[in-house]
Amino acid sequence: MRILGIESSCDETAVAIVENGQTILSNVVVSQIDIFAAYGGVIPEIAARSHLEAILPAVHQAFQKAGLVTDSGQDDWSKIDAIAVTHTPGLLGSLLVGTLTARTLCLLNHKPLYAVHHLKSHIYANWLQASLLPVFPLIALIISGGHTQIVKMSAHQNFEIIGTTRDDAVGECFDKIAKILGLPYPGGPSIAKAAKTGNSSTYSFPHPMPGTLDFSFSGLKTAVLREVQKATGKPISFPSSQLAALLTDQQRADFAASFEQTAVDILIEKIKLALKQNPETQSLIIAGGVSANQRLRHDLQIFIEQQNSKLHNKINLFFPEPRFSGDNGAMVASAAYYEILSNITPSDPYTLNIMPRSEIK
């Protein structure tokens, strides 16, 4: 079964064709990072306009890369079984472009339409190109610029949120700290790069909400800001946008390393508690853009190895390939495939609406 997946919830225009939920025939991602680097973040109106320009060429490119074109070079829709699209959550204008495109293509080419939750797609990125598939029951840690959640799954299409952020998402915190330190957008990669030459023990930051599966990152962000103000000898009233110019390169690296290690430690502490409360867990899935962080991958791998040395039932740890950590169309197609296997009813292309905010279910 070949599914064309469309993802446009934020600032990537992504289209992919995936066979049987795992085999990627094509995966096209048109990123807007270069556009928004100058602004230090995503501007929704500009993102929507960029999607409008890129979406149809990306669809055609996906067919070309998959080798699914007719002799005349047209997209061969006879080789596609269904279309999947992200319809929630995300930026309103961005979601509109993707869903309207998918709805129109379904009507024109007589294909069933599957509307997929964005966080569900991130989870199913771990099924792409995988030699070993996750086994239920599982725990999924979803970490990105807009979301930080711990989800328990007993089977496909069975989602229970057991932990969530009370304020900022962890990826959003990375972006804000990067701005304070004068590092480029997006914050995750730039902080990870700066941290390589830093000492993670230089500064000590709090671990909010211990003993619970919920997260809070706004206090961590404020704690870093206060330490930067202290290191530069400036009062709270001093503009935070001007602090970076007063930092030395080593101070910037030390702040990046100390913050990154703290954020990773907080995530692992929550995972430890989730596994303790759910001892039947067989698989641990890490999903979302922050799952690409190499410090997190390294430390979490060590933790799971230590856990497995003590446990009778081993836990398998899953990270998506780094290219599937961020937004992409392949994960949307994979999620839709498992919806089809679970007999989920297709969406009506005439009435499908977007939801900028909604919980995974």
So how far is it from [X] [atom1] to [Y] [atom2], rounded to the nearest 0.5 Å?
X: Asp214; Y: Ile162; atom1: CG; atom2: CD1; result: 10.0 Å
X: Asp348; Y: Asn353; atom1: CG; atom2: CG; result: 12.0 Å
X: Thr281; Y: Ile271; atom1: OG1; atom2: CD1; result: 9.5 Å
X: Leu119; Y: Ile360; atom1: CG; atom2: CD1; result: 5.5 Å
X: Gln282; Y: Ile139; atom1: CD; atom2: CD1; result: 12.0 Å
X: Ser31; Y: Glu12; atom1: OG; atom2: CD; result: 4.5 Å

Regarding [X] and [Y], does a basic nitrogen lie under 4.0 Å from an acidic carboxylate oxygen?
X: Arg49; Y: Glu45; value: no
X: Asp81; Y: Arg2; value: no
X: Lys120; Y: Glu339; value: yes
X: Glu321; Y: Arg323; value: yes

Whether the side chain of [X] engages the backbone of [Y] through a donor-acceptor N/O pair (distance < 3.5 Å, no angle test) should be reported.
X: Asn278; Y: Glu280; answer: no
X: Asn308; Y: Ile315; answer: yes
X: Ser258; Y: Tyr203; answer: yes
X: Glu7; Y: Ser9; answer: yes
X: Asn109; Y: Trp77; answer: no
X: Lys176; Y: Lys221; answer: no
X: Thr212; Y: Met209; answer: no
X: Arg103; Y: Tyr350; answer: yes

[X] atom [atom1], over 12 foreign heavy atoms within 6.0 Å:
X: His298; atom1: NE2; result: no
X: Glu359; atom1: CD; result: no
X: Lys179; atom1: NZ; result: no
X: Lys193; atom1: NZ; result: no
X: Arg166; atom1: CZ; result: no

So, for [X] and [Y], which heavy atoms are closest and what is the spacing to 0.1 Å?
X: Ala47; Y: Ser94; answer: CB-OG, 3.8 Å
X: Ile80; Y: Ala82; answer: CG2-O, 3.3 Å
X: Leu113; Y: Ala102; answer: CD1-CB, 4.0 Å
X: Ala194; Y: Ala256; answer: CB-CB, 3.8 Å
X: Ala335; Y: Val116; answer: CB-CG1, 3.7 Å
X: Ala58; Y: Val30; answer: CB-CG2, 4.5 Å

Same cluster for [X] and [Y] if Ile/Leu/Val/Met/Phe/Trp/Tyr side chains link at under 4.5 Å?
X: Ile43; Y: Leu91; value: yes
X: Ile33; Y: Ile46; value: no
X: Leu132; Y: Ile24; value: no
X: Val224; Y: Val264; value: yes
X: Ile180; Y: Leu246; value: yes

* Which is it for Phe36 and Tyr185 under the ring pair (Phe, Tyr, Trp, His ring centres under 6.0 Å) test, yes or no, and what are the steps along the way? -> CA-CA 8 Å; Phe36 296 124; Tyr185 174 86; 7.4 Å; no
Evaluate the side-chain proximity of [Y] to [X]: yes if any heavy-atom separation is below 4.5 Å, no if none is.
X: Asn126; Y: Ile285; result: yes
X: Phe255; Y: Val228; result: yes
X: Ile304; Y: Leu284; result: yes
X: Gln22; Y: Ser131; result: no
X: Lys314; Y: Gln307; result: no
X: Thr86; Y: Leu95; result: yes
X: Phe238; Y: Leu243; result: yes
X: Arg357; Y: Thr88; result: no

Any side-chain donor paired with an acceptor under 3.5 Å for [X] and [Y]?
X: Asp167; Y: Ser216; value: yes
X: His87; Y: Tyr114; value: no
X: Thr165; Y: Thr148; value: no
X: Ser291; Y: Ser325; value: yes
X: Gln242; Y: Ser240; value: no
X: Gln64; Y: Asp75; value: no
X: Asn293; Y: Glu260; value: yes
X: Asp327; Y: His118; value: yes
X: His51; Y: Ser8; value: no

* To do: May I ask you to check if Lys152 and Phe159 form a cation-pi contact, with NZ or CZ under 6.0 angstrom from the six-membered ring centre and within 45° of the axis?
  =>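 No, a cation-pi geometry is absent between Lys152 and Phe159.
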* To do: Take Asn199 and Gln250 through the side chain to side chain donor-acceptor pair (under 3.5 Å) test and state the conclusion after the steps.
  => CA-CA 9 Å; Asn199 183 345; Gln250 190 58 53; over 6 Å; no
* To do: Verify ring pair (Phe, Tyr, Trp, His ring centres under 6.0 Å) between Phe318 and Trp127, making sure each step is shown before the conclusion.
  => CA-CA 9 Å; Phe318 293 88; Trp127 270 257; 7.6 Å; no
* Might you work through the ring pair (Phe, Tyr, Trp, His ring centres under 6.0 Å) test for His156 and Phe136, ending with a clear yes or no? => CA-CA 8 Å; His156 291 299; Phe136 300 103; 4.8 Å; yes
* Which of these passes side chain to side chain contact (heavy atoms under 4.5 Å, CB included) with Val170: Ile266, Val290, Leu220? ->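 When Ile266, Val290, Leu220 are each tested with Val170, the side chain to side chain contact (heavy atoms under 4.5 Å, CB included) holds only for Val290.
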* Give the C-alpha distance, both sets of side-chain angles, the deciding distance and a yes or no for side-chain contact (heavy atoms from CB on, under 4.5 Å) between Thr13 and Gln32. => CA-CA 8 Å; Thr13 309; Gln32 300 174 18; 4.0 Å; yes
* May I ask you to check whether Phe205 and Phe259 place their ring centers less than 6.0 Å from one another? =>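 Judged by ring-centre distance (under 6.0 Å), Phe205 and Phe259 do not meet the cut-off.
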